[in-house]
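To start, the structure under review is shown below, and the notes come after it.
Every chain is numbered from 1, with letters handed out A, B, ... down the list of sequences. Since the structure is predicted, the reported quantities are computational estimates derived from the model, not experimental observations.
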2 protein chains.
Amino acid sequence: MSMTHTQSRFNSTLTSQCQNCSLSALCLPIALADEDINRLDQIIERKKPLKKGEFLFRQGEAFDSVYAVRSGTLKTFNITSVGEEQITGFYCPSELVGLSGIDSNVYPVSAKALETTTVCEIPFSHLEELSSQIPSLKHQLFKVMSRKISDDQQMMVLLGKKNADEKVASFLLNLSNRFKKRGYSASSFRLSMSRGEIGNYLGLAVETVSRVITRFQKNELIHVDGKEIEIVDFHEMQKLVGVASDCGKIARI
Amino acid sequence: MSMTHTQSRFNSTLTSQCQNCSLSALCLPIALADEDINRLDQIIERKKPLKKGEFLFRQGEAFDSVYAVRSGTLKTFNITSVGEEQITGFYCPSELVGLSGIDSNVYPVSAKALETTTVCEIPFSHLEELSSQIPSLKHQLFKVMSRKISDDQQMMVLLGKKNADEKVASFLLNLSNRFKKRGYSASSFRLSMSRGEIGNYLGLAVETVSRVITRFQKNELIHVDGKEIEIVDFHEMQKLVGVASDCGKIARI
DNA sequence: GCTATTTGCTGACCCAGATCAAGAGTTACA
DNA sequence: TGTAACTCTTGATCTGGGTCAGCAAATAGC
């Protein structure tokens, strides 16, 4: 905002600070006092950008950090016993990746960039230590993990009970919400993942994803141009997902 | 173990302590020093048993506690917009229920007893406070939540990618492991949930669950008598689930 | 620029598992 | 102790979405 020239000169991508990060209102610094943000800032390492297809970490590697996405998108996935990829999540800016490694001290999934992506590395031992000193940081961490648990459970419901239309509609509305939260358009956005990756994530064949998207377009629920998506009829999409009538609960994946 | 008469007189179900709890080695007290267990013990309330079908908490209620199961089994579930139940998890002794409420301060699921069940109530604000003072408790909490995240992600893989045989086999082996960890037989146990609940959880129709179980029995993988299950051929069951790294997909027996 | 490879779309066909139906046990409670 | 209400099983049938195949369009590599 009101940086001196000296500060701004130092704030290259790699040295930028949480205070100046447009994501701080969504990321871990939420609800932290200025001095606390500073302390958090000091344990964070800004990494150089990952190019599309590069790994952030690999399944089985020793866990030592969680990562906040700054720009771009990541996917996490397992390799099944049959050798095929199973995507377990997509991560957008401000979201935390790697939390599932805390328990076993090993990343149980791999994380790979879907496009050019920058992340902040947060060494977990430092974060844990700092969280003892800053209760609101600890609380924030518990909240982030709790949120991940309830989101994943919603995803389980989706995978277990919903049909192809509902799955794809949920997926698109979920992305829409995530874009909106970060101040981008909720109705127009670009998919950074391929149809194949969407299908893999949703438990559908590529062809099904393709057919459903085409049909949504034909029925004027959405407008599609390659990876560009515009949600035209939010109301109908939400009905498809089965949003509860009364309360304004938004479909979460 | 070596309690005085006075102590034992006070240690009814409702007043028993973490120190004397056979589950302490699996539950939160793991890796806590004796004096720390005492402090944890003081914030925990033992509740009177829930009868089968009673709620521990309901979706939408204010979140204030997590619960450790002491005996019996719970299920957690959502009610979908269509009004049907969607089970998101089963909870056995030593497991923690309610963690998904931390984020929103509201339980996003309901929890109901599948049989007579006793729990320890752990008011979360106290737990959080105590965790600031006892680093190993905080670490344990992070681990439990992280574990839940990776377990749920495994469940997502199961729901999205596996067929009926693989789902049922995974489910049975998963239960088996949980019994084993608590010192019970890994091969013989009693299902506290109905076929319908298993199907609901696994994204299968009741009829399919029933048929798969019958077929497993016919092929001498398991022996079934109502809710009593005996796993006869662990090796074949594990092959079915896909633990084997090398060999390809197992043909249906 | 030109080929090679990946990504997306669509049609034809098939099958795993859902749904429907019906009977036999089991459990609950009045 | 009887009966209503679940729960489980099994068979018959149907169908959503998977698989296979072929082609078009977009990207990457040379």
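Counting to the nearest Å, the P atom of C/dG17 and the CD atom of B/Glu166 are 9 Å from each other. In this structure, A/Leu191 atom CG and C/dG8 atom C1' are separated by 13 Å, rounded to whole Å. One interatomic measurement links the two molecules: CD of A/Gln217 to C1' of C/dG8, which rounds to 13 Å at whole-angstrom precision. Straight-line distance from the NZ atom of A/Lys51 to the P atom of D/dA28: 14 Å, rounded to whole Å.
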Fill in the blank from the handout: Readout for nucleotides 22-30 of chain C: B = base within 4.0 Å of protein heavy atom, S = sugar-phosphate only, - = neither; 5' to 3' it is ---------
Fill in the blank from the handout: Heavy-atom contacts, protein to nucleotides 4-18 of chain D, under 4.0 Å, summarised as B (base), S (sugar-phosphate only) or - (none) per nt, yield ----SBBBB----SS
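Using modelled atom types, one finds no donor on one side chain facing an acceptor on the other under 3.5 Å when comparing A/Ser187 with A/Glu230. B/Arg178 and B/Asn174 share a side-chain donor-acceptor pair at under 3.5 Å.
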Practice task
Could you check A/Lys75 against A/Glu197 for salt bridge (charged side-chain N to carboxylate O under 4.0 Å, His left out), going step by step and ending with a plain yes or no?
Solution key: CA-CA 9 Å; A/Lys75 66 174 172 185; A/Glu197 286 166 329; 2.8 Å; yes
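When side chains are defined from C-beta on, A/Glu84 counts as touching B/Lys161, because their heavy atoms get closer than 4.5 Å. Within the 4.5 Å cutoff, side-chain heavy atoms of A/Ile149 are placed close to those of B/Asp152.
Geometric assessment of A/Arg182 against the ring of A/Tyr184 yields a negative cation-pi assignment under the 6.0 Å and 45° thresholds.
In this structure, A/Gly203 and A/Leu159 approach most closely via the heavy-atom pair N-CD2, 4.1 Å. Residue B/Phe90 comes nearest to B/Glu95 through the heavy atom pair O-OE1, 3.8 Å, listed as atom of the first residue, atom of the second, then distance.
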